[in-house]
Amino acid sequence: MEKMWAGRTDGNTSKIADDFNSSIKFDKRLFEEDIKGSMAHAMMLSVKNIISKEEEEKLLSGLESILNDIKSGELIIDENAEDIHMFVEKVLTERIGETGKKLHTARSRNDQVALDLKMYTRSEIETIISKLKDFVTVISSKADQYKKSIMPGYTHLQRAQPVTFGHHLMTYAMMFLRDISRLNDCRNRLNVSPIGSCALAGTTYDTDRYFEAEKLGFDSVTLNSIDGVSDRDYCVELLADLSLLMVHLSRLSEEIILWSSWEFKFVELSDAFTTGSSIMPQKKNSDMAELVRGKSGRVIGDLVGTLTMLKGLPLAYNKDMQEDKESLFDALDTVKMSLDVYIPMLNSMIALEDNMINAAKGGFINATDLADYLVKKGMPFRTAYKVSGSIVSYCIKNGKTLDTLSLDEYKQFDELFENDLYDAISLETCVSKRISVGGTSAASFDKQLEFVKTELMKF
Ligand code: ARG
């Protein structure tokens, strides 16, 4: 195939080198950004009298027809082309003749690809933020539904203190809210236009980089041309944000998998989001959650791969950087798919509240409140902690719980115990009295919900 860059060499590369070098199989998804970027470039060239108005119009209508034809399926992207930039330029010249060859004045594929990728990334971030907003809304309304349902809270996966299922779920709303804010930061930081940096050194033409930036929705332009073409920080930053988002999803998945097991039986997933086994008729597996947990690994891999690809690169552009795309696209696709399955899965998940409260009744999760009871009657906390610990140990030996121990037995440990202790250590009290900011009480929950709602309105 004839090379647009033939000249210095005859361009007769071997087929195997062409295939190896070509990125079109994966960068073809940038066609819209590439064409829109080229349109802004043609306008700028004409505004600055580098090309004539008639040439601009020819370029614009040619580019517009290519965009429409790719969208309608009339023009199939040729996978033998080197990349999407070369493909568009070639078709343009076929369609409008010699004028097509003027488009690449005062730019290079190096700033072109940087521009396309930033535009693509920016719109993908916006899509993911909007999915995340839906997700946080689903999580917080599910949490609201269960704001009074008591379950054991865990540390070290050992029953620790009673919390509400609503409070527990709300933790995830907070995590995903931070993900939204991080992605939004990334979007704002990347929104600086590289076009006009050209190959690496800028250009001798009297261009207007601000004009192009404004046309394409950028806030400003990069102020160092070498940085303009060699910066892939935004890819790394986005991959890090996406990795963390997947880690959050993975932690939630792990909990859903545990909660769905016979050992816990805290939740029931809808049949629409579970699978059966080919041999064991009783199985209802949480495959979606398991897959999301598994896929978090590949997104982290995409981040590590990109960091490693960049770490030894001298300035400015090197072909290694073509490798930025597959990792980035893979991570974006994985996150979008994971959120698409997660939102309805969580929305249709049901809590088995009786099992939760029964689990909360075992495991002495009100022992802290027993110690606090003594503290409120004047005993120093360390002493109260010891007394309560011995009572728990006594209960375990005698097959009793803190609620079934008689007052006489309590009094053998300390005279401070009175009849009001039973109310002080009831699970309902343990939860409703935790009114500290961010605590598990319903009053605190309402404040959390209000916070989440106002935060969501900011994005
Ligand atoms: N396909 C290339 C990439 O994705 C475009 C830039 C090519 N630049 C160059 N100097 N060969 O990175």
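All values derive from a computational prediction rather than experimental measurement. Read the numbers this way: they start at 1 and go in the same order the structure lists the ligands and their atoms.
- A donor-acceptor pair under 3.5 Å is absent between the side-chain atoms of D27 and the main chain of K25, judged by distance alone.
- The aromatic rings of F266 and F264 sit perpendicular, their planes meeting at an angle over 60°, well past the 30° parallel limit.
- In this structure, the side chain of R434 does not engage the main chain of V163 through any donor-acceptor pair within 3.5 Å.
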Tabulated below should be the N or O atoms of ligand 1 paired with protein N or O atoms at under 3.5 Å; can you produce that?
residue: ligand 1; atom: 1 (N); partner: S23; partner atom: OG; Å: 3.1
residue: ligand 1; atom: 1 (N); partner: D83; partner atom: OD2; Å: 2.9
residue: ligand 1; atom: 1 (N); partner: Q322; partner atom: OE1; Å: 2.8
residue: ligand 1; atom: 4 (O); partner: K325; partner atom: NZ; Å: 2.6
residue: ligand 1; atom: 8 (N); partner: N110; partner atom: OD1; Å: 2.9
residue: ligand 1; atom: 10 (N); partner: N110; partner atom: OD1; Å: 3.0
residue: ligand 1; atom: 12 (O); partner: Y317; partner atom: OH; Å: 2.4

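- Annotation: cation-pi geometry satisfied between K215 and F211 (NZ/CZ under 6.0 angstrom from ring centroid, within 45° of ring axis).
- Of the residues listed (T203, T222, L200, I195), the one engaging D111 in a side chain to side chain contact (heavy atoms under 4.5 Å, CB included) is I195, and it is the only one.
- Between F176 and H248, the angle of the ring planes goes over 60°, which puts this pair in the perpendicular group of the 30/60° scheme.
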